[in-house]
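First comes the structure, then the notes that go with it.
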Amino acid sequence: MNATPTKDRWTGLDAILESGWRAWADAARTPGHPFRTPVVATAGDDGDARVVVLRAVDRDAAELEFHTDARSPKVEALRRSPRLTWVFHDPAGGVQWRVRGHARLHVGDEAWRSAWERVPPPSRASYACPAAPGTVVRAPMEAIDFAGHGPRHFMVVRCHAERMDWLGLRPEGNLRAIWTREGNSWKGDWVAP
Ligand SMILES: Cc1cc2nc3c(=O)[nH]c(=O)nc-3n(C[C@H](O)[C@H](O)[C@H](O)COP(=O)(O)O)c2cc1C
C-alpha cells in the first residue's frame with residue numbers, strides 16, 4: 001500500500017499537502033496503511049516517543065486523533081506541555097511527514113463518547129486494566145488477566161496541527177516543504193532537504 005498517490009505526486013505544494021490529508025484520512029480507516037501507526041513525540045518528559053494508532057482526522061479543524069490510557073506517562077507529559085509531534089513514514093512512497101501541534105485531552109465529553117462507540121469490543125479491555133501503564137507488576141500476566149472492559153481509563157487525544165514538514169525521497173534529489181497554519185489556511189514553502 002502506498003500512502004502517496006502517483007497521480008498528483010509532488011507537482012506542487014497544494015497537491016502535496018492534499019495528498020497528506022488524503023493519506024491520513026485513509027490511514028485512519030485502513031489497518032495496514034503505512035500512516036496508520038505513526039510515532040508521537042512529547043516534550044513534557046524530556047522528549048519521549050512511542051507508536052500509536054491514528055484513529056481519526058478532521059481536516060477542517062486541522063486535527064489528528066489517537067486514543068490512550070489516561071494514566072499513561074504520555075498523558076502526564078502532555079499535561080506538563082501540550083506540544084506533540086507526529087512522525088509518519090511511507091517506505092514504499094519515499095515520504096516522511098512531521099506534523100507538529102498542540103494536544104487537547106478529552107474525557108467524558110462528546111468527542112470521548114463518540115470515540116468510545118467506535119472502539120471494537122475486543123480492544124475495550126485494554127482501557128480497564130487495574131494496573132496503570134508502566135507500573136511494576138509481580139508477573140506479566142497480572143496486567144492482562146483481569147475482568148473488565150469499560151471506558152474507565154479511556155482518553156481521546158486530539159492534536160491541532162500547526163506545522164507540517166514533508167520530505168519526499170527521489171533518486172534525482174530529495175524535496176522538502178514546510179507549511180505553517182495561518183488562521184484557517186496553510187502557508188507553504190519549499191525548503192532545502
Ligand atoms: C503498533 C502499535 C500501536 C500502538 N497503539 C497505541 C495507541 O493507539 N495508543 C497508545 O496509548 N499506545 C499505543 N501503543 C503502545 C505505545 O507505543 C506505548 O508503548 C504505550 O502507550 C506507553 O507509552 P508511554 O509510556 O509513552 O505513555 C502502540 C504500540 C504499537 C507497537
Side-chain angles (χ1 to χ4, degrees), residues 1 3 20 23-58 61-91 96-165:
M1 204 178 310
W24 295 316
D26 286 346
R29 52 178 176 252
T30 316
H33 191 287
F35 285 176
R36 174 82 168 173
T37 48
V39 170
V40 294
T42 38
D45 46 16
D46 293 331
D48 209 347
R50 74 292 289 158
V51 172
V52 296
V53 176
L54 176 65
R55 295 289 179 185
V57 175
D58 182 337
E63 281 182 351
L64 304 178
E65 175 178 313
F66 72 89
H67 302 161
T68 195
D69 186 311
R71 302 165 296 174
S72 65
K74 72 177 87 47
V75 171
E76 186 52 36
L78 288 169
R79 288 206 166 102
R80 267 186 237 125
S81 166
R83 286 161 54 208
L84 193 68
T85 296
W86 303 69
V87 181
F88 298 87
H89 178 215
D90 171 10
Q96 171 186 264
W97 280 98
R98 284 182 287 177
V99 179
R100 223 192 265 175
H102 277 74
R104 293 196 197 101
L105 308 177
H106 296 263
V107 172
D109 61 5
E110 191 42 45
W112 178 86
R113 261 185 294 279
S114 71
W116 178 252
E117 291 299 308
R118 286 182 275 120
V119 177
S123 306
R124 292 187 168 188
S126 53
Y127 298 104
C129 178
T135 54
V136 174
V137 289
R138 277 163 304 173
M141 292 308 286
E142 196 181 310
I144 302 171
D145 196 9
F146 62 92
H149 55 269
R152 195 150 173 220
H153 306 295
F154 180 65
M155 175 176 272
V156 171
V157 180
R158 284 192 177 171
C159 175
H160 181 67
E162 283 143 13
R163 185 181 192 270
M164 312 265 196
D165 183 327

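Small disclaimer: the values here were computed from a predicted structure and weren't measured.
To the nearest 0.5 Å, atom CH2 of residue Trp112 and atom CE of residue Met155 are 10.5 Å apart. Cys159 SG to His102 NE2: the interatomic distance, rounded to the nearest 0.5 Å, is 9.0 Å. For the atom pair Cys129 SG and His149 NE2, the distance stands at 15.0 Å (nearest 0.5 Å). Taken from NE2 in His106 to CD in Glu65, the straight-line distance is 7.5 Å, to the nearest 0.5 Å.
With a 4.5 Å cut-off on side-chain heavy atoms, Glu63 and Arg104 count as touching. A 4.5 Å side-chain heavy-atom check between Phe88 and Pro38 finds at least one atom pair inside the cut-off. Counting heavy atoms from C-beta outward, Val52 and Thr37 have side chains that stay 4.5 Å or more apart. Residues Arg71 and Pro133 meet the side-chain proximity criterion, which asks for heavy atoms closer than 4.5 Å. Side-chain contact between Pro31 and Arg36 is present, with at least one heavy-atom pair separated by less than 4.5 Å.
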Verify salt bridge (Lys or Arg N to Asp or Glu O under 4.0 Å) between Arg100 and Glu162, making sure each step is shown before the conclusion. CA-CA 6 Å; Arg100 223 192 265 175; Glu162 283 143 13; over 6 Å; no

Take Val99 and Thr85, measure what side chain to side chain contact (heavy atoms under 4.5 Å, CB included) needs, and give me the verdict at the end. CA-CA 6 Å; Val99 179; Thr85 296; over 6 Å; no

Could you go through the salt bridge (Lys or Arg N to Asp or Glu O under 4.0 Å) check for Arg80 and Glu76 one step at a time? CA-CA 6 Å; Arg80 267 186 237 125; Glu76 186 52 36; 3.8 Å; yes

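The 12-atom threshold is exceeded at NE2 of His89, counting heavy atoms of other residues, nucleotides or ligands nearer than 6.0 Å. Shown here is Asp109, whose CG atom has more than 12 heavy atoms of other residues, nucleotides or ligands within 6.0 Å.
A donor-acceptor pair under 3.5 Å links the side-chain atoms of Arg113 to the main chain of Gly108, judged by distance alone. Checking side-chain atoms of His160 against main-chain N and O of Ala61 turns up a donor-acceptor pair under 3.5 Å. A side-chain donor-acceptor contact under 3.5 Å links Arg124 to the backbone of Val119.
Of all non-hydrogen atoms in Ala111 and Val156, the two that sit nearest each other are O-CG2, 4.2 Å. In plain terms, the two heavy atoms of Trp97 and Gly20 that are nearest each other are CZ2-CA, 3.7 Å. When all heavy atoms are compared, the tightest approach of Phe66 to Lys74 is CE1-CD, 3.8 Å. For Pro34 against Pro91, the heavy-atom pair with the smallest separation is CB-CD, 4.5 Å. Residues Trp24 and Val57 share a closest heavy-atom pair of O-CG2, 3.5 Å. Summarising the geometry of Asp69 relative to Ser126, their closest heavy-atom pair is OD2-O, 4.1 Å, with the distance given to 0.1 Å.
Using a 4.0 Å cut-off between charged side-chain N and carboxylate O, Asp45 and Arg50 make a salt bridge.
Every ring-ring contact (aromatic ring centres under 6.0 Å, His included) that His67 has, sequence neighbours left out, goes to Phe154. Under the side chain to side chain donor-acceptor pair (under 3.5 Å) criterion, Arg83 pairs with no residue, sequence neighbours left out.
Between Val75 and the choices Thr42, Val107, Leu105, the side-chain contact (heavy atoms from CB on, under 4.5 Å) rule is met once, by Leu105.
By the 30° and 60° cut-offs, the orientation of the rings of His33 relative to Phe35 is tilted.
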Taking distance alone, no hydrogens or angles, what donor-acceptor pairs closer than 3.5 Å link side-chain atoms of residues 136-143 to residues at least two apart or in another chain?
from	atom 1	to	atom 2	distance (Å)
Arg138	NE	Glu142	OE1	3.3
Arg138	NH2	Glu142	OE1	3.4
Glu142	OE1	Arg138	N	3.3

